[in-house]
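Since the structure comes first, as structure tokens, the remarks are kept for the end.
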There are 2 protein chains.
Amino acid sequence: MGVKERRAREKEQLRHRILSAARELFVAEGYESVSMRKIADMIDYSPTTIYLYYKDKADLLDSVCKETLLNLLNTLDRLRKDKSDPVETLRMSGRAYVEFGLKYPQDYKLTFVVRPQFQKGLGLEEGSVGEKVFNYLRTMVSECIRQKKFRQVDVETTGQVLWSAVHGVTLLLIDFPDFPWTEKDKLIDTVIHTMIEGLKP
Amino acid sequence: MGVKERRAREKEQLRHRILSAARELFVAEGYESVSMRKIADMIDYSPTTIYLYYKDKADLLDSVCKETLLNLLNTLDRLRKDKSDPVETLRMSGRAYVEFGLKYPQDYKLTFVVRPQFQKGLGLEEGSVGEKVFNYLRTMVSECIRQKKFRQVDVETTGQVLWSAVHGVTLLLIDFPDFPWTEKDKLIDTVIHTMIEGLKP
DNA sequence: AATTTAACTTAACATCGTTAAGTATATCGA
DNA sequence: TCGATATACTTAACGATGTTAAGTTAAATT
């Protein structure tokens, strides 16, 4: 039954081609400005073919964002190696998070701003990639507390506080590129540094 | 020349009626979902009449956001009275900022997320309402440093850091309402508290 | 009373997301 | 190998979108 498998593989390939085209256009022109027809044109299929592979435009967005979260998770995971100084790891992870957002600003906004507007679900459900990203943050905070580098704070709340800070600075830098920010790296470092100082004993 | 004045007043009234309808619909259904036809229907005019008062849909959004920034500025200004403890004033202002965003979540997103996507200008130019809001933050930080409540930090950077934190937590609470946040008030307070602790000598 | 100006509307354009119906091509049972 | 079935894709259409150009009507001015 090699035929069936080949067909399945071909279907999967087309599915992926559609997704790649969608991402490329979403990133280049923004979710709203991209039409199903543009995506279809890009891969030389009729617009309706897309609906055989994805439920609707929001479903495409969903899949694009899932990929983005996977990329973010991989980026962060690469930093987890060194366990010696959890505070330093946390600091580097915060930087990596913001830099990821600034490196792929459109992907970041699609995932953390646009998607929630169009899709009720969080993308942070149990078992989801989003949850794994937040779990990553939880374990880092726990380690900081366990090693008495932080005072005895609530892990859950602290994780959310840190997320707020990095999310905030990332979005501000993306959304207001012309604002007279102090030097970008200094701003990012200060955000993270101030938070960490505020958590020390 | 009472006639001319009356006509001018009537024009101004209609302009305001259009803006009110736009805001009501934007807030209720989101910028993207609102059509010029819907706005026109609401005030019993033809869709094209709107274009006699506003350049286009983005111009309507612009005006709505300007109003929002004015409301935010007024809300904050009411807290500035008590100068005795600048740190406490800063804390209360931070709370007020986040609560403003949560009280009018759609207005907040329109101003700080949607608008930057559609309008190149920041709404934070010199002399703008947005700049006044940020100036408010600057003076509070300055006062904290002057009274040695904060260590010798850069006013500009510190203002931006604080804005990042409150902006971040506001947007996360709005965009991911189903996320298992720790109690909302506790989260907001902890964000602000952690920042302030991190700025103390 | 004739003409200009102001306020507003009608009609149209190109484009959008999405669905229903249709068409070819390949696979399968006989 | 032939006819039936299933798969993969397309064509055509619907109602809606932002926006513009060309009217229309009524008031103000001369």
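Excluded from the calculations below are hydrogen atoms, water molecules and symmetry mates; all remaining heavy atoms, backbone and side chain alike, are included. By convention in this document, chain letters (A, B, ...) are assigned in the order of the sequence lines, proteins followed by strands, and residues within each chain are numbered from 1.
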Residue list, side-chain hydrogen bond (donor to acceptor under 3.5 Å, both in side chains) with B/Asp59, at least two apart or on another chain: none

Quick one: list whatever passes side-chain contact (heavy atoms from CB on, under 4.5 Å) with A/Gln117, sequence neighbours left out. B/Lys109, B/Val114

Excluding sequence neighbours, so at least two apart, what forms side-chain contact (heavy atoms from CB on, under 4.5 Å) with A/Asp41? none

Any residue meeting side-chain hydrogen bond (donor to acceptor under 3.5 Å, both in side chains) with A/Tyr136, in chain and number order, not counting sequence neighbours: A/Ser93

Atom-to-atom span, CD of B/Glu32 to C1' of C/dT15 - whole angstrom: 15 Å

Can you tell me the distance, in whole Å, between the CG atom of A/Asp59 and the C1' atom of C/dG17? 14 Å

Whole-Å distance separating the CG atom of B/Leu60 from the P atom of D/dT19: 9 Å

Can you check the A/Asp56 CG to C/dT19 P distance for me, whole Å? 8 Å

Non-neighbouring partners of B/Tyr31 that pass ring pair (Phe, Tyr, Trp, His ring centres under 6.0 Å), sequence neighbours left out: B/Phe26, B/Phe118

From CE of A/Met36 over to P of C/dT18, roughly how many Å is that when rounded to an integer? 6 Å

Nearest whole angstrom, please: distance from the C1' of D/dT19 to the NZ of B/Lys55. 11 Å

Check the distance between C/dG17's P and A/Ile50's CD1 and give it to me in whole angstrom. 9 Å

Whole angstroms only, please: what is the CG-P distance between A/Leu61 and C/dG17? 13 Å

Ion pair A/Arg95/A/Asp185, N-O distance below 4.0 Å: yes

Footprint string (nucleotides 7-16 of chain D, 5' to 3'): B base within contact, S backbone only, - free, heavy atoms under 4.0 Å: -SBBBBB---

